[in-house]
Chemist: 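What follows is a structure written as structure tokens; I'll ask about it next.
Because the structure is a prediction, the values reported are computed rather than measured.
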Amino acid sequence: MSKGNVIVVNHPMVQHKLTILRDKKTGSKEFRELVKEIGMFMVYETTRDLPMQEIEIDTPICKTKSKVLAGKKLGVVPILRAGLGMMEGVLQLIPAAKVGHVGLYRDPKTLKPVEYYCKLPQDVEERELLLVDPMLATGGSASAAIELLKQKGAKSIKLVCIVGCPEGIEEVHKYHPEIDIYLASIDEKLNDHGYIVPGLGDAGDRIFGTK
């Protein structure tokens with residue numbers, strides 16, 4: 001089994017938008033727009049290795065050969081609920097992608113993620129899936145979501161988050177060492193409450209204005 005990579009998308013536009021995203025003065029409307037925009041930028045990197053094929057077309061001047069996508073099937077799977085904010089950006093760039101949803105909550109006694117919802121495209125085993133969630137904190141939800149996708153037949157999965165930390169990366173690669181993880185930033189650590197430092201707070205609450 002190949003070892004997954006950690007890819008940091010350090011494009012200046014992504015880093016600029018991430019700074020505004022972190023600022024506690026940024027309101028829900030702007031926060032939502034930024035998560036969507038960063039999600040779209042992240043997809044440029046995650047789709048860098050899509051296969052291409054050459055076709056012949058007529059330009060206004062002459063015939064020429066040019067490249068198009070070779071028809072690889074794609075899917076985007078947000079982890080509810082914060083992942084919905086990134087999903088819009090992905091679909092703006094890849095409107096033909098099929099959409100799945102994974103819902104998980106943390107059991108208060110065991111502290112383990114528990115599935116409460118999962119709906120995926122029927123041909124999930126044929127698609128490259130982009131599993132999206134703004135935060136990779138403890139890594140528990142991401143790892144559980146990846147396991148769930150595998151159980152449903154997924155063969156190709158990439159994890160796409162905005163902010164992560166070493167603990168979350170380690171947790172995902174402990175159970176799924178082959179998974180590529182895409183991040184806009186690897187932050188310092190988790191604090192005692194499980195929040196990423198410096199992070200950007202609770203992404204779900206800030207996206208939906210519930211705090």
Chemist: Hey, what do you get for CD1 (Ile7) to CD1 (Ile186), rounding to the nearest 0.5 Å?
Modeler: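 Between Ile7 CD1 and Ile186 CD1, I get 10.0 Å after rounding to 0.5 Å.
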Chemist: Please report the shortest heavy-atom distance between Pro113 and Ser141, naming the atom on each side.
Modeler: CG-N, 3.9 Å
Chemist: When rounded to the nearest 0.5 angstrom, what is the spacing between CG in Asp180 and OG1 in Thr46?
Modeler: 10.0 Å
Chemist: Which residue in the set Lys98, Arg127, Glu125 passes side-chain contact (heavy atoms from CB on, under 4.5 Å) when paired with Lys73?
Modeler: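 Only match with Lys73 under side-chain contact (heavy atoms from CB on, under 4.5 Å): Arg127.
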Chemist: So which atom in Ala144 and which in Leu104 form the shortest heavy-atom distance, rounded to 0.1 Å?
Modeler: CB-CD1, 4.2 Å
Chemist: Going by side-chain contact (heavy atoms from CB on, under 4.5 Å), name the residues that satisfy it together with Pro95, two or more places apart in sequence or in a different chain.
Modeler: none
Chemist: To the nearest 0.5 angstrom, please state how far the CG atom of Leu159 sits from the NE2 atom of His176.
Modeler: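 It comes to 10.0 Å.
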Chemist: Consider only side-chain heavy atoms of I, L, V, M, F, W and Y, link residues closer than 4.5 Å, and tell whether Val68 and Leu50 are in one cluster.
Modeler: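 Hydrophobic grouping puts Val68 apart from Leu50.
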Chemist: Report yes if the side chains of Leu149 and Val102 come closer than 4.5 Å at any heavy-atom pair, otherwise no.
Modeler: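 The answer is yes; the side chains approach within 4.5 Å.
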Chemist: Is it the case that one hydrophobic cluster holds both Val8 and Val197, taking links as side-chain heavy atoms less than 4.5 Å apart, direct or via other members?
Modeler: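 Different clusters.
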Chemist: Step through the shown structure and confirm whether more than 12 heavy atoms of other residues, nucleotides or ligands are within 6.0 Å of CD on Glu56.
Modeler: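 Atom CD in Glu56 is crowded, with more than 12 foreign heavy atoms closer than 6.0 Å.
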Chemist: Roughly how far, to the nearest 0.5 Å, is SG of Cys161 from CE of Met42?
Modeler: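 With rounding to 0.5 Å, CE (Met42) is 7.5 Å from SG (Cys161).
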Chemist: Salt bridge (Lys or Arg N to Asp or Glu O under 4.0 Å) with Lys29: which residues, sequence neighbours excluded?
Modeler: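 Once residues adjacent in sequence are excluded, the partners of Lys29 under the salt bridge (Lys or Arg N to Asp or Glu O under 4.0 Å) criterion are Glu33.
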Chemist: Do His101 and Val77 have side-chain heavy atoms sitting under 4.5 Å apart?
Modeler: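 No, every pair of side-chain atoms sits at 4.5 Å or beyond.
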Chemist: Tell me if the CD atom of Gln151 is crowded by more than 12 foreign heavy atoms within 6.0 Å.
Modeler: yes
Chemist: Identify each donor-acceptor pair in which a side-chain atom of residues 78-91 lies under 3.5 Å from a protein atom, sequence neighbours left out, and give them as a table.
Modeler:
unit_1: Arg81; atom_1: NH1; unit_2: Thr210; atom_2: OG1; d: 3.3
unit_1: Arg81; atom_1: NH2; unit_2: Asp205; atom_2: OD1; d: 2.7
unit_1: Arg81; atom_1: NH2; unit_2: Thr210; atom_2: OG1; d: 3.2

Chemist: Has the side chain of Glu167 got a donor or acceptor atom that lies under 3.5 Å from a matching backbone atom of Leu190?
Modeler: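 Side chain of Glu167 to backbone of Leu190, a donor-acceptor pair under 3.5 Å: yes, one is there.
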Chemist: Kindly state each residue pair satisfying side-chain hydrogen bond (donor to acceptor under 3.5 Å, both in side chains) with at least one member in residues 5-15, sequence neighbours excluded.
Modeler: none
Chemist: Under 4.5 Å between any side-chain heavy atoms of Glu147 and Tyr175, yes or no?
Modeler: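 Sidechains of Tyr175 and Glu147: no contact.
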Chemist: Taking salt bridge (charged side-chain N to carboxylate O under 4.0 Å, His left out) as the cut-off, I'd like each qualifying pair that reaches into residues 184-201, sequence neighbours left out, listed once.
Modeler: Arg22-Asp187
Chemist: Using every non-hydrogen atom in the two residues, find where Ala142 and Leu131 come nearest and quote the distance to one decimal.
Modeler: O-CD2, 4.1 Å
Chemist: Do the charged groups of Glu178 and Lys150 touch, with an N to O distance under 4.0 Å?
Modeler: yes
Chemist: Rounded to the nearest 0.5 Å, what separates atom CG in Leu21 from atom CG in Leu34?
Modeler: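 Taking CG in Leu21 and CG in Leu34, the distance rounds to 5.5 Å.
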Chemist: What's the spacing between Lys25 NZ and Ile20 CD1 if we round to 0.5 Å?
Modeler: 11.0 Å
Chemist: Between Val14 and Val9, what is the shortest heavy-atom contact and its length?
Modeler: CG1-O, 3.7 Å
Chemist: Flag yes if Val99 and Tyr117 sit in one hydrophobic cluster, no otherwise; membership is Ile, Leu, Val, Met, Phe, Trp, Tyr, and two members link when side-chain heavy atoms are under 4.5 Å apart.
Modeler: yes
Chemist: Is the backbone of Val43 close enough, under 3.5 Å, to the side chain of Thr47 for a donor and an acceptor to pair up by distance?
Modeler: yes
Chemist: Mind checking what makes side-chain hydrogen bond (donor to acceptor under 3.5 Å, both in side chains) contact with Asp49, not counting sequence neighbours?
Modeler: Lys158
Chemist: Which atom names give the shortest non-hydrogen contact between Ala154 and Leu129, and what distance separates them?
Modeler: CB-CD1, 3.7 Å
Chemist: Considering non-hydrogen atoms only, spot the tightest contact between Ser185 and Leu18 and give its length.
Modeler: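 Between these two residues, the closest heavy atoms are CB-CD2, 3.6 Å.
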Chemist: If only atom types and distance count, is the side chain of Arg206 paired as donor or acceptor with the main-chain N or O of Ser28 below 3.5 Å?
Modeler: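 Looks like no, no N/O pair under 3.5 Å.
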